[in-house]
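Presented below is the structure to which this report refers.
FYI, the numbering just counts along the sequence from 1. Only this structure's heavy atoms are used, side chains among them; waters, hydrogens and symmetry mates stay out. In this text, all values refer to a predicted model and were calculated from it rather than measured experimentally.
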Amino acid sequence: MEMLDQKIKARLFPDYGPGSPLWTPGHRVEWHELELGPSLRARLRAWNEDALHDTGRDLSDEDIVSEGFELARLLSDELQWTVTYEP
């Protein structure tokens with residue numbers, strides 16, 4: 001019997017709280033569950049903060065959206081998941 005590899009599907013969106021901005025169906029992914037390199041982890045945290053708060057970095061809404069799409073791509077590659085971002 002042939003087994004097909006099924007990738008984890010996750011959604012990316014900025015959110016308040018201590019958890020990461022990644023969600024699988026019915027579950028918020030916690031930071032400790034993400035096996036990410038330090039630079040991608042820092043970039044993801046910065047994007048979440050920028051999207052939710054005025055961090056003084058003078059980013060437009062378009063910048064936030066563009067970074068969201070790029071992070072979804074990078075996270076998909078690094079985690080071997082299917083990560084989508086819907087602004």
Discussion item. Distance check, rounded to the nearest 0.5 Å: T82 atom OG1 versus Q6 atom CD?
Written reply: 9.5 Å
Practice prompt. May I ask you to decide if V83's main-chain N or O and S76's side chain share a donor-acceptor pair within less than 3.5 Å?
Written response: yes
Fill in: Atom pair CG/CG of L44 and L71 - distance to nearest 0.5 Å
6.0 Å
Worksheet item: Roughly how far, to the nearest 0.5 Å, is CG of L36 from CH2 of W31?
Response: 7.5 Å
Worksheet item: Any side-chain heavy-atom pair from F69 and L74 closer than 4.5 angstrom?
Response: no
Worksheet item: Under 4.5 Å between any side-chain heavy atoms of H27 and E33, yes or no?
Response: yes
Practice prompt. Would you please name every residue forming a side chain to side chain donor-acceptor pair (under 3.5 Å) with E30, sequence neighbours left out?
Written response: none
Worksheet item: Can you name the closest pair of heavy atoms from W47 and P14 and give their distance?
Response: CH2-CD, 3.3 Å
Discussion item. Donor-acceptor check, side chain of D15 to backbone of S20, threshold 3.5 angstrom: yes or no?
Written reply: no
Worksheet entry | Pairwise distance CG(L12) to CG(L22) - rounded to 0.5 angstrom | 5.5 Å
Practice prompt. Provide the closest heavy-atom pair for K9 versus P25 in the form atom of the first, atom of the second, distance.
Written response: O-CD, 3.6 Å
Worksheet item: Taking only residues two or more places apart in sequence, or in another chain, which ones meet S60 in a side chain to side chain donor-acceptor pair (under 3.5 Å)?
Response: D63
Worksheet item: If you round to the nearest 0.5 Å, how far is OG1 of T84 from CH2 of W23?
Response: 14.0 Å
Practice prompt. Tell me, with the steps shown, if I8 and T24 meet side chain to side chain contact (heavy atoms under 4.5 Å, CB included).
Written response: CA-CA 8 Å; I8 294 172; T24 58; 3.7 Å; yes
Worksheet entry | Q80: side chain to side chain donor-acceptor pair (under 3.5 Å) partners, not counting sequence neighbours | none
Practice prompt. Report yes if the side chains of E78 and E35 come closer than 4.5 Å at any heavy-atom pair, otherwise no.
Written response: no
Worksheet item: Above 12 or not: heavy atoms from other molecules or residues under 6.0 Å from CZ of R43?
Response: yes
Discussion item. In this structure, would L75 and L34 fall into the same cluster of hydrophobic residues linked by side-chain contacts under 4.5 Å?
Written reply: yes
